[in-house]
Amino acid sequence: MKSYKIAVLAGDGIGPEITREAIKVLKLIEQRNNVSFELLPASFGACAYFESGDPFPQATIDICDRADAILKGPIGLSHEESKKIPIDKQPERGALLPMRRRYNTYANFRPVSLPKALAHFSPLKPEIIGEGIDLIMVRELVGGLYFGEKETGVNERGLRYVKETLEYDEEQISRILHQAFKLAGRRKKVLHNIHKSNVLKSSVLWNEILEEIAPDYPEVEVINLLVDAAATLLCLNPTQFDVMVMENMFGDILSDQGGGLLGSLGLMPSACLGDEKAYYEPSHGSAPDIAGKEMANPYSMIGSVAMMLENSFDMVTEAKNVWDSMQGVFGDGYSTADLSKPGSNVTMIKTGEFGDKVVEKLSQKPKIQ
Ligand code: NAD
């Protein structure tokens with residue numbers, strides 16, 4: 001029997017609710033497969049700061065270090081609550097970015113996927129959705145503005161100023177582009193390169209490197225698109241996209257737009273892969289507006305489990321079973337509050353009920369021998 005250690009960082013806000021549902025699914029997967037998961041819970045984010053004064057405490061680092069994979073819930077507080085934590089200890093700066101840096105998880109895969117049968121969840125018109133949306137955003141995750149040097153102070157005119165640096169070296173750019181080309185080669189063989197080379201020199205270098213790498217992947221067609229135009233075209237004609245690659249901040253913003261196209265950020269799981277370590281997290285935040293109300297959609301967290309099964313444990317068929325089970329629950333007409341619009345024929349269920357129904361569907365799938 002294979003055995004894996006999974007660090008489980010439930011996080012803040014809706015994190016514990018959606019993590020609880022993901023664990024239900026993991027427990028069933030153990031029963032259905034010749035595999036055991038040792039779940040190692042650890043505190044991370046604002047909750048960890050309030051417990052210990054550190055949003056990424058040493059005890060959590062130790063657990064993550066020895067885990068085979070990390071399952072991470074969203075972290076963070078509301079705008080007002082965040083002010084209770086010193087700026088450098090706030091969850092993203094104090095925990096998330098340090099984790100990404102520590103494990104060098106440079107490749108972030110964010111599927112934006114809505115099959116035709118579920119197209120009614122999208123705010124886009126049916127004629128725009130067509131056969132459904134099925135694209136993946138590949139986001140560089142450990143470089144750019146979020147990781148560059150920062151400086152604040154008062155300038156010679158006596159004005160407060162801030163300076164943040166956007167830095168990439170060619171190795172950082174080429175490794176994420178290789179990931180994107182490989183993925184495009186396994187899919188529709190079209191890669192949209194999202195950049196801003198008309199303004200940013202970082203994009204000029206990015207594009208230069210892309211041109212150097214492209215001949216290694218002759219089967220992949222590259223389409224270059226400015227990030228601002230990409231934002232528009234995602235709304236007007238999302239089905240033209242299959243694999244999109246972009247630097248860190250562009251990916252942060254455009255992938256949330258992806259959640260908007262689907263109808264909810266609750267439909268956005270992700271995988272954050274490094275060469276040695278991977279972690280899996282919903283693309284969204286801790287949703288303080290609905291935390292503790294059993295309104296959160298756990299699809300993003302259960303989908304992150306599916307991505308973990310596929311990428312970290314090579315359980316490709318079972319990952320597909322998990323996706324199918326979630327789609328099946330929607331297909332039966334159930335959904336959490338985020339996707340239950342007035343006038344739709346959807347029966348609204350709570351976070352826990354959604355998880356239970358996924359478990360029920362998954363348990364009906366043939367067991368993998
Ligand atoms: P958010 O992503 O938490 O929420 C935006 C909207 O989407 C809200 O209306 C929320 O209710 C809804 N939503 C998000 N996930 C949902 C789900 N699973 N089911 C149903 N609805 C869902 O963004 P925000 O409110 O701007 O940020 C809240 C906190 O999260 C902030 O502290 C922010 O810094 C943090 N954050 C963390 C991460 C991360 O952990 N990787 C990512 C983004 C934001």
Side-chain angles (χ1 to χ4, degrees), residues 12 44-46 48-50 52-58 61 74-108 137-177 193-212 224-232 245-257 272 274 283-286 288:
D12 303 315
F44 187 72
Y49 172 79
F50 291 127
S52 67
D54 188 346
F56 191 18
Q58 189 58 46
I61 294 176
I75 55 171
L77 299 175
S78 68
H79 188 71
E80 280 310 309
E81 289 289 304
S82 296
K83 294 176 187 161
K84 295 181 180 165
I85 304 182
I87 285 185
D88 287 331
K89 299 271 183 189
Q90 286 175 1
E92 271 96 340
R93 264 182 296 267
L96 187 59
L97 298 184
M99 185 165 86
R100 288 175 180 169
R101 186 183 291 117
R102 181 173 186 85
Y103 300 120
N104 204 9
T105 51
Y106 63 89
N108 183 202
M137 294 192 188
V138 182
R139 168 188 174 194
E140 199 293 322
L141 201 60
V142 297
L145 259 185
Y146 294 5
F147 285 85
E149 284 194 13
K150 295 166 199 308
E151 184 184 299
T152 53
V154 177
N155 67 16
E156 60 285 357
R157 291 172 57 216
L159 300 174
R160 284 170 295 168
Y161 78 94
V162 58
K163 191 157 96 187
E164 297 190 279
T165 317
L166 198 172
E167 191 173 346
Y168 273 112
D169 67 27
E170 58 182 299
E171 187 188 10
Q172 283 177 305
I173 298 171
S174 91
R175 66 187 178 180
I176 188 72
L177 289 175
N193 174 45
I194 309 302
H195 66 97
K196 187 74 185 169
S197 68
N198 52 346
V199 175
L200 296 176
K201 289 218 169 160
S202 52
S203 284
V204 173
L205 179 63
W206 179 282
N207 291 353
E208 252 173 54
I209 292 167
L210 184 132
E211 281 179 24
E212 289 162 19
N224 294 294
L225 203 54
L226 291 169
V227 62
D228 35 351
T232 309
V245 64
M246 62 206 88
E247 65 90 51
N248 200 344
M249 189 167 72
F250 297 166
D252 190 7
I253 297 169
L254 277 197
S255 61
D256 259 36
Q257 189 182 344
C272 311
S283 301
H284 57 72
S286 58

If you compare all heavy atoms of L205 against all heavy atoms of Y168, which two are closest, and at what distance to 0.1 Å?
CD2-O, 4.0 Å
Full working for side chain to side chain donor-acceptor pair (under 3.5 Å) between Q90 and Y49:
CA-CA 8 Å; Q90 286 175 1; Y49 172 79; over 6 Å; no
CA sep, side-chain torsions, deciding dist, call: V142, Y103, side chain to side chain contact (heavy atoms under 4.5 Å, CB included)
CA-CA 10 Å; V142 297; Y103 300 120; over 6 Å; no
Got more than 12 heavy atoms from elsewhere within 6.0 Å of CD1, I87?
no
Do the side-chain N and O atoms of N207 and N224 include a donor-acceptor pair separated by under 3.5 angstrom?
no
Is it the case that more than 12 heavy atoms not belonging to E212 sit under 6.0 Å from its CD atom?
yes
Under the criterion side chain to side chain contact (heavy atoms under 4.5 Å, CB included), I'd like the reasoning laid out for L96 against I75: C-alpha separation, chi angles, the key distance, then a yes or no.
CA-CA 8 Å; L96 187 59; I75 55 171; 3.9 Å; yes
Pairing donors with acceptors under 3.5 angstrom, does anything connect the side chains of E164 and Y146?
no
Examine R175 relative to Y106 and say whether NZ or CZ is less than 6.0 Å from the centre of the six-membered ring and inside a 45° cone about the ring axis.
yes
Qualifying residues under side chain to side chain donor-acceptor pair (under 3.5 Å), relative to S283, sequence neighbours excluded:
R110
So which heavy atom on P288 is nearest to which on S78, and how close?
CG-N, 3.6 Å
Got more than 12 heavy atoms from elsewhere within 6.0 Å of NZ, K150?
yes
